[in-house]
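Every number for a ligand or one of its atoms is a count from 1 in the order of the listing.
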Amino acid sequence: MEDKRRLLMDRSQPGRRGTTLPLCDVPESALPNARHLRDNLPMPEVSEPEIVRYFTHLSQLNYGVDTGFYPLGSCTMKYNPKLHEDAASLPGFANIHPLLEGDLSQGALQLMHELQQALAEIAGLHRCSLPPVAGAHGEYAGMHVIRAAQIARGQGHRKTVIIPDSAHGTNPATAAMCGFQVASVPADGDGNMDLGKLREALAGGDVVALMITLPSTLGLFDRNIVEICRIVHAAGGYVYGDGANLNALLGRVKMGQLGFDVVHMNLHKTFTTPHGGGGPGSGAISVSRELASFCATPVVTFRNGRYQLETPDKSFGRISTFHGNFGNLVRAYCYVRMLGAAGLREVSGNAVLHANYIQAKLKKTFGLAYQRHCMHEVVFSPTHFKKHGVRSLDVAKRLIDYGYHPPTMYFPLVVEEALMVEPTETETKETLDSFIEAMEKIADEVRTSPQVLHDAPHNSPVGRLDEARAARQPDLRWRKAV
Ligand SMILES: *Cc1c(COP(=O)(O)O)cnc(C)c1O
C-alpha cells in the first residue's frame with residue numbers, strides 16, 4: 001500500500017519535473033551575491049500529480065466540524081451555515097475599507113447597528129459594543145468598563161474580583177491583566193456557587209466585581225443566580241457574565257434580567273462564525289444602562305437618518321484597530337436574522353436536549369460529578385476507570401480511532417478526570433446515537449483490553465505526542481533518511 005505519510009522530499013526522483021517553464025524571453029543576468037548561493041540546495045523533484053495528491057492529502061488530515069462530529073465542551077463547535085459565507089463574501093462587505101467615509105459605508109454600519117441591537121436584546125442589556133476580537137478580549141473590555149465605572153463612583157481603590165474555581169482560565173487571567181486580585185470561590189455539593197463563601201469574600205468591601213459563567217463550566221444552571229447578583233450589588237460590586245457559550249440561554253433567559261451588568265458573547269461559538277486555529281473571533285459585550293457610557297470606542301449610532309461611529313461619553317478608550325472583526329459580525333448577523341426569536345429559542349431547546357440525551361445514555365458508564373440535569377454540555381467523571389489503569393486521556397485518544405474529535409479533557413479543573421461533551425443543537429439523533437455507541441464500546445474496552453486504549457490513536461498520522469515538547473520544539477525540518 002502506498003504510504004501517504006511519506007514526505008515530499010522522500011518522494012523525489014532526480015530529473016522528475018512537475019512543471020516546465022517557458023523559455024526565458026528576457027536577458028539573463030547573474031544573481032547578486034553569488035557567494036551566498038548554494039549549489040546543492042535539496043529541492044523535491046516530483047511530478048505534478050504527485051504534488052497535488054500530497055497537498056490534497058495533507059488538507060484532508062484536518063479535522064473540522066465539516067468533516068465530523070466535534071463534541072468539544074466549552075468551545076462550541078456547531079455547524080457554520082454556508083449561507084453566512086456567501087453573505088460575508090459579498091463585495092460590499094468583503095472589500096470595504098475600515099477608513100471609508102460614513103456616507104459610503106451606510107450598509108455596513110447599519111448591519112453593525114442592527115447586530116448591536118439584537119445582541120443587547122438577547123442579553124437583556126442596554127448597549128452592545130462590537131470591537132473585542134475574542135472572548136478573552138471581551139472580558140478585558142468588559143472589566144475595563146467596570147473599572148471605569150468604579151473609578152467614576154469613587155471606588156477606584158477596590159481590587160478584588162471574585163471568580164468561581166470552575167471558571168474558564170481566561171477569567172482569572174483577565175482580572176490579573178486589569179491589575180486586580182482574584183478571590184476564588186468553590187461550588188457547593190450541588191454544583192451551585194457556595195453562598196456562604198461568596199458572602200465571606202464580599203465582606204472586606206474590596207470587591208470590584210464577580211465574574212461568573214452561566215450556565216457554569218460544570219454545564220449547570222446556578223439556581224441561586226438572582227440572589228448571587230443581589231448580594232454582589234449590595235456589597236458595591238458589579239456582576240460580569242461570561243456568556244461565551246450562550247447555547248442554553250438563547251431566547252429563553254436574558255442575563256440582564258437576572259442581574260448581570262456586563263456580558264460577553266463569543267460570536268465564534270454561539271453565533272456560528274467559524275473558528276479554530278486561533279481566530280478570527282469576536283467577543284461582543286453588552287452592558288447595562290448605567291455602564292453604557294463607559295464602553296470602548298466606537299459604537300454605531302443612528303441619528304438624523306444616518307448611521308455613524310461615535311465615542312461614548314466616558315469611554316475607557318479603544319480596544320482594537322477599527323471596529324472589530326467585521327466578517328464575524330456579518331455571519332453572526334445572518335445567524336440572528338435567519339433564525340429570528342423563535343429560531344433562537346429552538347436552538348437552546350435542542351442544545352440542552354442533546355446534552356441531556358447524551359448524559360442520560362452515558363451517565364451510568366462514565367459517571368457524573370453532579371447528579372442533575374445539565375444545560376448545553378455535560379461533564380463526565382470516569383474516575384472508576386482508574387482501577388483498570390485507564391485515564392480520560394486514553395478515552396479521548398481512543399475516540400480518534402472511532403472517527404470522532406475528542407471532547408474537552410481535564411476541564412473544569414475541579415472535576416476529577418473530566419470529559420466535557422457539548423453535542424450542540426446542529427447534530428442529528430443518528431449522529432448522537434453513533435457517538436454514544438462508540439463511547440460504550442470504549443467503556444467495554446476499558447474492562448476487556450485497556451492496552452488498546454493506552455496505544456491509541458492507532459490510525460492517525462502521529463500517535464501520542466509529548467505535547468509540551470511538540471509546542472516548544474516543533475520538528476519542522478526535513479532530514480535525509482540514513
Ligand atoms: C472560549 C471561552 C472563553 C474565551 O474565549 P476566546 O475567544 O477563546 O478568548 C471564555 N470563557 C468561556 C466559558 C469559554 O468557553
List the closest protein heavy-atom neighbour of atom 6 (P) of ligand 1: residue, atom name, distance to the nearest 0.1 Å. Gly135 N, 3.4 Å
Check whether any heavy atom of Gly281 sits under 4.0 Å from an atom of ligand 1. no
Would you kindly say whether Tyr240 and His264 are connected by a side-chain donor-acceptor distance under 3.5 Å? yes
Consider ligand 1: state whether an atom of it lies below 4.0 angstrom from any non-hydrogen atom of His137. no
Scan side-chain atoms only and decide if His275 and Asn266 contain a donor-acceptor pair under the 3.5 Å cut-off. no
Do Arg391 and Asp394 meet the salt-bridge criterion of a basic N to acidic O distance under 4.0 Å? no
Assign the ring pair Phe271 / Tyr335 to parallel, tilted or perpendicular, where the plane angle (0 to 90°) is split at 30° and 60°. perpendicular
Could you tell me whether Ala244 approaches ligand 1 through its side chain, its backbone, both or neither, with non-hydrogen atoms closer than 4.0 Å? side chain
Specify the protein heavy atom at minimum distance from atom 11 (N) of ligand 1: its residue, its atom name, and the distance to 0.1 Å. Asp242 OD2, 2.6 Å
Can you tell me if Lys269 has a non-hydrogen atom under 4.0 Å from ligand 1? yes
Arg127/Glu121 salt bridge by N-O under 4.0 Å criterion: no
Short N or O distance, Cys75 and ligand 1, threshold 3.5 Å exclusive: no
Report the part of His268 in contact with ligand 1, treating N, CA, C, O as backbone and CB onward as side chain, heavy atoms under 4.0 Å; options are side chain, backbone, both, neither. side chain
Pairing of Asp66 and Lys82 as salt bridge, 4.0 angstrom limit: yes
Closest to atom 9 (O) of ligand 1 among protein heavy atoms sits Ala136 N, 2.8 Å
What do you reckon, does Ser74 have a nitrogen or oxygen under 3.5 Å from a nitrogen or oxygen of ligand 1? yes
Measure from atom 15 (O) of ligand 1 to the protein's non-hydrogen atoms and state whether any distance is below 4.0 Å. yes
Polar atom proximity, Asn245 to ligand 1 (N or O, under 3.5 Å): yes
Would you check whether His264 has a nitrogen or oxygen atom less than 3.5 angstrom from a nitrogen or oxygen atom of ligand 1? no
Please check if any side-chain donor atom of Thr76 sits under 3.5 Å from a side-chain acceptor atom of Glu422, or the reverse. yes
Based purely on interatomic distance, does Asn266 place a nitrogen or oxygen under 3.5 Å from a nitrogen or oxygen of ligand 1? yes
Between Glu427 and Asn350, is any side-chain donor less than 3.5 angstrom from a side-chain acceptor? no
For the residue pair Thr383 and Glu417, confirm or rule out a side-chain donor-acceptor distance under 3.5 Å. no
Numbering the atoms of ligand 1 from 1, which are under 4.0 Å from a heavy atom of Glu139? 10 (C), 11 (N)
Regarding Thr297 and Arg318, do their side chains bring together a donor and an acceptor under 3.5 Å, going by distance alone? no
Element-labelled atoms of ligand 1 that are located less than 4.0 Å from some non-hydrogen atom of Ala134: 7 (O), 9 (O)
